[in-house]
Amino acid sequence: MKNSFVFFADGFEEVEALTTVDVMRRAGMPVVTVSISGSREVKGAHGVTVVADCTFDDVNYSDADWLVLPGGMPGATHLAAHQGLRSELWNHNNKGGHVAAICASPAIVLAPLGIITGRNAVCYPGMEKGVSGVKWGASRVAVDSNVVTGNGPASAMDFALKLVEISAGEETARAVADGMLFFR
């Protein structure tokens with residue numbers, strides 16, 4: 001199975017990032033946490049500091065399964081400002097690779113790149129204001145082709161399980177959910 005990459009920037013939403021990493025790893029998916037700053041230490045929006053597996057320049061993304069963006073502010077803004085990440089997202093999406101973003105990141109990172117233009121997507125309520133060309137919905141998670149979006153922290157488990165379902169199958173996603181006592 002290919003590596004998936006979850007990107008951390010100062011101000012990231014801890015619940016979205018760590019839930020996604022945890023659920024994917026429970027499903028047996030190889031996940032690498034990546035700091036986009038020069039340091040592996042990244043401080044979340046609510047003061048939780050984590051140590052990422054590596055920094056952005058340490059990784060070759062050419063054979064990635066998922067590129068995953070947690071939300072949070074100003075985390076999403078920092079992700080959107082990182083030229084290398086923008087380039088990787090653009091290239092990965094253009095070759096049909098899996099891209100996922102939750103909370104503010106669909107509107108702040110994916111929309112300006114055109115990745116969700118004309119697609120069904122969700123984001124944190126209110127973040128979609130001023131972002132045109134996207135078919136914004138009100139569900140917790142939206143899937144459109146190779147892109148998955150989620151609306152916020154309370155949807156982190158649904159979001160992560162959808163990534164597992166797409167890559168590892170519905171049975172695996174159900175087994176992980178059951179093991180975590182998450183009944184949907």
Side-chain angles (χ1 to χ4, degrees), residues 3-59 61 64-86 88-89 98-112 121-128 140-142 147-165 167-168 173 176-184:
N3 282 337
S4 293
F5 300 93
V6 180
F7 296 93
F8 288 65
D10 285 328
F12 72 94
E13 170 50 57
E14 295 95 337
V15 170
E16 296 161 355
L18 297 175
T19 298
T20 302
V21 171
D22 181 88
V23 168
M24 292 173 82
R25 286 183 177 170
R26 286 175 191 249
M29 296 172 67
V31 179
V32 178
T33 59
V34 181
S35 167
I36 66 160
S37 71
S39 170
R40 288 180 48 214
E41 283 192 9
V42 188
K43 189 173 185 178
H46 303 97
V48 177
T49 299
V50 299
V51 179
D53 296 322
C54 59
T55 60
F56 185 85
D57 293 331
D58 295 334
V59 180
Y61 303 97
D65 186 5
W66 289 95
L67 299 183
V68 183
L69 307 173
M73 292 299 283
T77 303
H78 293 312
L79 293 172
H82 193 279
Q83 177 58 43
L85 177 58
R86 288 195 319 264
E88 290 299 336
L89 289 164
H98 294 125
V99 174
I102 188 169
C103 193
S105 286
I108 301 291
V109 184
L110 297 186
V122 296
C123 66
Y124 193 84
M127 296 304 296
E128 76 282 1
R140 295 169 71 85
V141 176
V147 178
V148 176
T149 53
N151 70 355
S155 301
M157 186 69 83
D158 289 315
F159 174 78
L161 288 167
K162 183 55 72 176
L163 307 186
V164 169
E165 180 182 320
S167 285
V176 170
D178 290 349
M180 296 179 76
L181 302 179
F182 183 75
F183 304 108
R184 48 184 183 146

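The chain is numbered in sequence order, starting from 1.
E16 and G71 get closest at one heavy-atom pair: OE1-N, 2.8 Å. Closest approach of C103 to C123, counting heavy atoms only: O-CB, 3.2 Å. Summarising the geometry of A27 relative to V164, their closest heavy-atom pair is CB-CG1, 3.5 Å, with the distance given to 0.1 Å. Shown here for A177 and L161, the closest heavy-atom pair between the two residues is CB-CD1, 3.8 Å. Closest approach of V32 and C54 over heavy atoms only: CG1-SG, 3.6 Å.
You'll find the side chain of L69 reaches within 4.5 Å of the side chain of L110, heavy atoms only. You'll find the side chain of V34 reaches within 4.5 Å of the side chain of Y61, heavy atoms only. Looking only at side-chain heavy atoms (C-beta outward), V109 and L89 come within less than 4.5 Å of each other. Between W66 and M24 the shortest side-chain heavy-atom distance falls below 4.5 Å.
Between the side chain of R86 and the main chain of A80, a donor-acceptor pair closer than 3.5 Å is present. With S105 contributing its side chain and P70 its backbone, the two residues share a donor-acceptor pair below 3.5 Å.
Interatomic distance, OG1 of T149 versus CZ of R140, reported as 13.0 Å (0.5 Å rounding). Considering OG1 of T33 and CZ of R25, their distance stands at 6.0 Å, rounded to 0.5 Å. Taking CE of M157 as the start and NZ of K162 as the end, the distance is 15.0 Å to the nearest 0.5 Å. Atom-to-atom distance recorded for D65:CG and L163:CG is 9.0 Å, nearest 0.5 angstrom. The CD atom of Q83 lies 12.0 Å from the CD1 atom of I36; values are rounded to the nearest 0.5 Å. Rounding to the nearest 0.5 Å gives a distance of 8.5 Å between CD of E14 and OG1 of T49.
Pairs of residues two or more places apart, or lying in two chains, that qualify as ring pair (Phe, Tyr, Trp, His ring centres under 6.0 Å) and include a residue from residues 12-48 are F8-F12.
Residues satisfying the salt bridge (charged side-chain N to carboxylate O under 4.0 Å, His left out) criterion with R40, sequence neighbours excluded, are absent altogether. Under the rule for a salt bridge (charged side-chain N to carboxylate O under 4.0 Å, His left out), the partners of D22 that lie at least two apart in sequence or sit in another chain are R26.
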Please test M127 against I108 for side-chain contact (heavy atoms from CB on, under 4.5 Å), starting from the C-alpha separation and ending with a verdict.
-> CA-CA 8 Å; M127 296 304 296; I108 301 291; 3.5 Å; yes

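A centroid separation of 6.0 Å or more is found between the aromatic rings of F5 and F56.
In this model, no donor atom of one side chain and acceptor atom of the other lie less than 3.5 Å apart for D158 and S155. Counting only N and O atoms by type, the side chains of S37 and S35 include a donor and acceptor under 3.5 Å apart.
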